[in-house]
Structure formats: C-alpha cells, structure tokens
Asker: 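Below are the structure tokens for one structure; questions will follow.
Atom set for the values below is all heavy atoms of this structure, side chains included, hydrogens, waters and symmetry mates excluded. Keep in mind that this is a model prediction, so the values were computed, not measured.
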Amino acid sequence: MIKCENLQKTYPLKKLHGYQALKGLDLSIEAGEFAAITGPSGCGKSTLLNIIGFLDNPSAGHYLFRGRNVSSFSDSERSGLRLSEVGFIFQSFNLLPRFTALDNVRLPMLYLGEGSAETEERALALLARVGLKGKETHTPLELSGGERQRVGVARALANNPKLLLADEPTGNLDSGTGIEVMQLLTQLNREGLTVIMVTHDMNLAGKASRIIRMKDGAIES
C-alpha cells in the first residue's frame, strides 16, 4: 500500500541549510498491516505521518500510495486523497466543541457530498460501533476524554478509509481508557483496515504487528 523511497523533508530556517527532519528514509507498509512508529521526540515520526497522510509533501524522494507516485501532488490533489482514502485520529481529539458527537462524525461525509439522511444514519451506526449509543447529542465538553477519542475514531471511519493514521491516540487518556482505544484499533485492523500509529508507549506499540523505530530522521530498525 505504501512505499517510501529515499524520502527527505527539509524545513527552511533562517540558518543557511535549514532543518532536515527526514534523511533518505525507505519504508514499505503492506495493506492490512498494523504498524507502530516509535522513537524519541524530534526524530521525524510526525513528519513522516504527515507525508503519509497527505498533509505535507516530501522535499525529495518518492512516496507511492497504492501504486501511484504522489510525491509532487498539488495541495488540491492531496486534499482529495486525504478526504477519500485516509482517516485521522489525533492526540488532542480535534473535535469541534460546539458540534454534537453526531455532527462531528457527519462532517467528513458532508464534505464528500453525501446526503443529509444518509450521513445521519451512518454516523449513528459508527457511534454505536464505538460504544457511544445514547451519547449522540452530547458535545465534546459533555464527554469524558475516552468518549471524545471514541468520537474521533468514529469520525476517522466516516469516509470508509483505506488507511487509518493515529498520532499518539492514547496520549491524553488514562491507562485503562487507552487500552480500550487500542482494543478498538486492533479490532479494526483485524477487519482489514491498515493502521499506522505513532506512539512513545512501547507497551502500546507491542500491540501492533510491526514496530518501526526511528532515530534522527531515519529508520533505525
């Protein structure tokens, strides 16, 4: 599904040479894998995830997604792929605070142009799937941290993605709630969804089928 060849990312700085976040990285991830990316802060994990999820372009090298070289796609082309192919789960949830859980989940479907009745039915089913039946009309402020992240998972699934990206999905949760979210991600992977997760927690990384360790902008092991 994913192939990165000599992937490089340099951010311009006032200094002459800038900051190189990725240094010739090579990586392949097959469809149906559950891969955990680990490593110290500043090693390039989030930069790599942003490129894989079409939030950014590499400075050099190639990124192939499902056989297509998407390295030099325009912003609009990346946006289209991001909306149709990828689901995101964030550490800080990134929910709209004044929207209900139902409306937060419906939003990606509305962006895809789906009808209102259809989006409501699917959003209700997704919230029930993640254990939030009865909480559909609650806003994020009326939900616990674990419940907010479950809304985030439901929203990430709203566009029927081929790839699920999770950036420290349990970072703001207590250990028990974090385990519940991990169980949900594991179940989604068993059903065939490709999952890539960035985490500092090696216990959580051990739940993945493969651990990718990064250091100084490259794959260490």
Asker: Would you compute the distance between atom CG of Asn57 and atom CD of Glu77 and round it to the nearest 0.5 angstrom?
Answerer: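 One finds 9.5 Å between CG of Asn57 and CD of Glu77.
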
Asker: Got a salt bridge between Glu191 and Arg129, using NZ or NE/NH1/NH2 to carboxylate O under 4.0 Å?
Answerer: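 A salt bridge links Glu191 with Arg129.
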
Asker: Show your reasoning for whether side chain to side chain contact (heavy atoms under 4.5 Å, CB included) applies to Val130 and Leu184.
Answerer: CA-CA 8 Å; Val130 300; Leu184 184 56; 3.8 Å; yes

Asker: For residues Thr137 and Leu102, determine if any side-chain heavy atom of one lies less than 4.5 Å from a side-chain heavy atom of the other.
Answerer: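 Contact flag for Thr137/Leu102 side chains = no.
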
Asker: Distance check, rounded to the nearest 0.5 Å: Ser71 atom OG versus Ile51 atom CD1?
Answerer: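 The distance works out to 9.0 Å.
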
Asker: Go through Arg122 and Asn160 one step at a time and tell me if the side chain to side chain donor-acceptor pair (under 3.5 Å) criterion holds.
Answerer: CA-CA 11 Å; Arg122 176 160 166 73; Asn160 288 311; 2.7 Å; yes

Asker: Drop me the distance from Arg150's CZ to Thr177's OG1, to the nearest 0.5 angstrom.
Answerer: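 Rounded to the nearest 0.5 Å, the CZ-OG1 separation comes to 8.0 Å.
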
Asker: Please report the shortest heavy-atom distance between Thr139 and Pro97, naming the atom on each side.
Answerer: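 Taking Thr139 first and Pro97 second, the nearest heavy atoms are CB-O, 3.7 Å.
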
Asker: Is Asp216 paired with Lys23 through a side-chain N to carboxylate O contact shorter than 4.0 Å?
Answerer: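 No, Lys23 and Asp216 are not salt-bridged.
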
Asker: Assess the residue pair Gln91 and Asp167 against the criterion (side chain to side chain contact (heavy atoms under 4.5 Å, CB included)); give the C-alpha distance rounded to whole Å, side-chain angles, the decisive distance to 0.1 Å, and a yes or no.
Answerer: CA-CA 6 Å; Gln91 177 178 354; Asp167 192 358; 5.7 Å; no

Asker: Among Leu81, Leu165, Asn159, Ile52, which one satisfies side chain to side chain contact (heavy atoms under 4.5 Å, CB included) with Val86?
Answerer: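 It is Leu165, the one option of Leu81, Leu165, Asn159, Ile52 that forms the side chain to side chain contact (heavy atoms under 4.5 Å, CB included) with Val86.
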
Asker: Hey, does Leu124 have a side-chain heavy atom less than 4.5 Å from the side chain of Glu120?
Answerer: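 Yes. Closest side-chain heavy atoms under 4.5 Å.
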
Asker: Check whether any side-chain heavy atom of Val105 lies under 4.5 Å from a side-chain heavy atom of Val151, and answer yes or no.
Answerer: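 Yes; the side chains approach each other to less than 4.5 Å.
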
Asker: To the nearest 0.5 Å, tell me how far Arg190 CZ sits from Ser209 OG.
Answerer: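 OG of Ser209 is found 11.5 Å from CZ of Arg190.
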
Asker: Does Pro58 reach the side chain of Lys9, with side-chain heavy atoms less than 4.5 Å apart?
Answerer: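 No; the side chains remain at least 4.5 Å from each other.
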
Asker: Applying salt bridge (Lys or Arg N to Asp or Glu O under 4.0 Å), run through Glu142 and Lys135 and close with a yes or a no.
Answerer: CA-CA 9 Å; Glu142 298 171 316; Lys135 299 288 181 85; over 6 Å; no

Asker: Leu204 versus Thr170: any side-chain heavy-atom pair under 4.5 Å?
Answerer: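 The answer is yes; the side chains approach within 4.5 Å.
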
Asker: When you measure from the side chain of Asn172 to the backbone N and O of Gly145, does any donor-acceptor pair fall under 3.5 Å?
Answerer: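 Absent.
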
Asker: Is His62 atom NE2 crowded by more than 12 heavy atoms from other residues, nucleotides or ligands, each under 6.0 Å away?
Answerer: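 Atom NE2 in His62 is not crowded, with 12 or fewer foreign heavy atoms closer than 6.0 Å.
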
Asker: Tell me whether Asn6 contacts the main-chain N or O of Gly61 through its side chain, where contact means a donor paired with an acceptor under 3.5 Å.
Answerer: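 Not at all, since once roles are kept as given, no pair shorter than 3.5 Å links the two residues.
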
Asker: Examine Ile196 and Leu185 and state if one hydrophobic cluster contains both, with Ile, Leu, Val, Met, Phe, Trp and Tyr joined whenever side-chain heavy atoms are less than 4.5 Å apart.
Answerer: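 No; Leu185 is not reachable from Ile196 via cluster members.
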
Asker: What do the steps show when you test Lys45 against Arg213 for side chain to side chain contact (heavy atoms under 4.5 Å, CB included), and what is the final call?
Answerer: CA-CA 9 Å; Lys45 302 186 300 297; Arg213 294 178 175 86; over 6 Å; no

Asker: At their closest point, which heavy atom of Met1 faces which heavy atom of Lys162, and how far apart are they?
Answerer: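 Minimum heavy-atom separation between Met1 and Lys162: CE-O, 3.5 Å.
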
Asker: Checking the side chain of Ser84 only, and the main-chain atoms of Gly80 only, is there a donor and an acceptor separated by less than 3.5 Å?
Answerer: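 Yes, Ser84 side chain to Gly80 backbone: donor-acceptor pair under 3.5 Å.
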
Asker: Please give me the minimum heavy-atom distance between Gly24 and Gln8, naming the atom from each residue.
Answerer: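 Reported closest heavy-atom pair: N-CG, 3.4 Å.
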
Asker: Would you say Met197 and Leu157 are hydrophobically clustered, going by side-chain heavy atoms of ILVMFWY under 4.5 Å?
Answerer: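 Linked, Met197 and Leu157 end up in one cluster.
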
Asker: Locate the shortest heavy-atom distance separating Gly39 from His200; write the atom from each residue and the value.
Answerer: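 In this case the closest contact between Gly39 and His200 is O-CD2, 3.6 Å.
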
Asker: Quick one: do Phe65 and Lys3 satisfy side chain to side chain contact (heavy atoms under 4.5 Å, CB included)? Show the steps, please.
Answerer: CA-CA 7 Å; Phe65 180 75; Lys3 190 177 179 101; over 6 Å; no

Asker: Please report the closest heavy-atom contact between Arg155 and Phe93, naming both atoms and the distance.
Answerer: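 Minimum heavy-atom contact is NH2-O, 2.8 Å.
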
Asker: Would you indicate whether the side-chain heavy atoms of Arg210 and Glu33 approach each other to under 4.5 Å?
Answerer: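 The answer is yes, as the side chains (C-beta and beyond) meet within the 4.5 Å cut-off.
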
Asker: Looking only at side chains, do Thr186 and Gln183 share a donor and an acceptor under 3.5 Å apart?
Answerer: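 Looking only at side-chain atoms, Gln183 and Thr186 do not form any donor-acceptor pair under 3.5 Å.
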
Asker: Sub-3.5 Å donor-acceptor pair from the side chain of Asn104 to the main-chain atoms of Gly152, do we have one?
Answerer: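 No: the side chain of Asn104 does not pair with the backbone of Gly152.
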
Asker: Do Leu126 and Leu163 belong together in a cluster built from hydrophobic side chains that touch within less than 4.5 Å?
Answerer: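 Not linked; separate clusters.
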
Asker: Would you give the length of the straight line joining atom OG1 of Thr100 to atom CG of Leu143, rounded to the nearest 0.5 angstrom?
Answerer: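 Output value for this atom pair is 9.5 Å.
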
Asker: Can you find a pair of side-chain heavy atoms, one from Gln149 and one from Pro169, that are under 4.5 Å apart?
Answerer: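 Sidechains of Pro169 and Gln149: in contact.
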
Asker: So that I know where these two stand, are Phe73 and Tyr63 an aromatic pair - ring centroids less than 6.0 Å apart?
Answerer: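 Between Tyr63 and Phe73, which both carry aromatic rings, the centre distance is not below 6.0 Å.
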
Asker: Find out whether Leu95 and Arg148 are in side-chain contact, i.e. whether some heavy atom of one side chain is under 4.5 Å from a heavy atom of the other.
Answerer: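 In short, these two side chains touch, coming nearer than 4.5 Å.
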
Asker: Would a single hydrophobic cluster contain both Leu7 and Val198, if residues Ile, Leu, Val, Met, Phe, Trp and Tyr are joined by side-chain heavy-atom contacts under 4.5 Å?
Answerer: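 As far as the 4.5 Å side-chain criterion goes, Leu7 and Val198 are connected within one cluster.
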
Asker: Let me check something: do Leu64 and Ile29 share a hydrophobic cluster, defined by ILVMFWY side-chain heavy atoms less than 4.5 Å apart, either directly or through other members?
Answerer: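 They do not share one cluster, since no chain of ILVMFWY contacts under 4.5 Å joins Leu64 to Ile29.
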
Asker: Calculate, to the nearest 0.5 Å, the distance between atoms CG and CG belonging to Leu48 and Leu27 respectively.
Answerer: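 Answer rounded to 0.5 Å: 6.0 Å.
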
Asker: Is Phe90 atom CZ crowded by more than 12 heavy atoms from other residues, nucleotides or ligands, each under 6.0 Å away?
Answerer: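 Count over threshold, so yes.
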
Asker: Pairing donors with acceptors under 3.5 angstrom, does anything connect the side chains of Ser92 and Asn94?
Answerer: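 Yes.
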
Asker: Is there a donor-acceptor pair under 3.5 Å between the side chain of Asp103 and the backbone N or O of Phe99?
Answerer: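 Here the side-chain-to-backbone pair does not exist.
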
Asker: If you take all heavy atoms of Gly217 and Met214, which pair is closest and at what distance?
Answerer: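 So the two residues come closest at C-CE, 4.3 Å.
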
Asker: Parallel, tilted or perpendicular, judged at 30° and 60°: which one describes the rings of Tyr19 and Tyr11?
Answerer: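 It falls in the parallel class, under 30°.
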
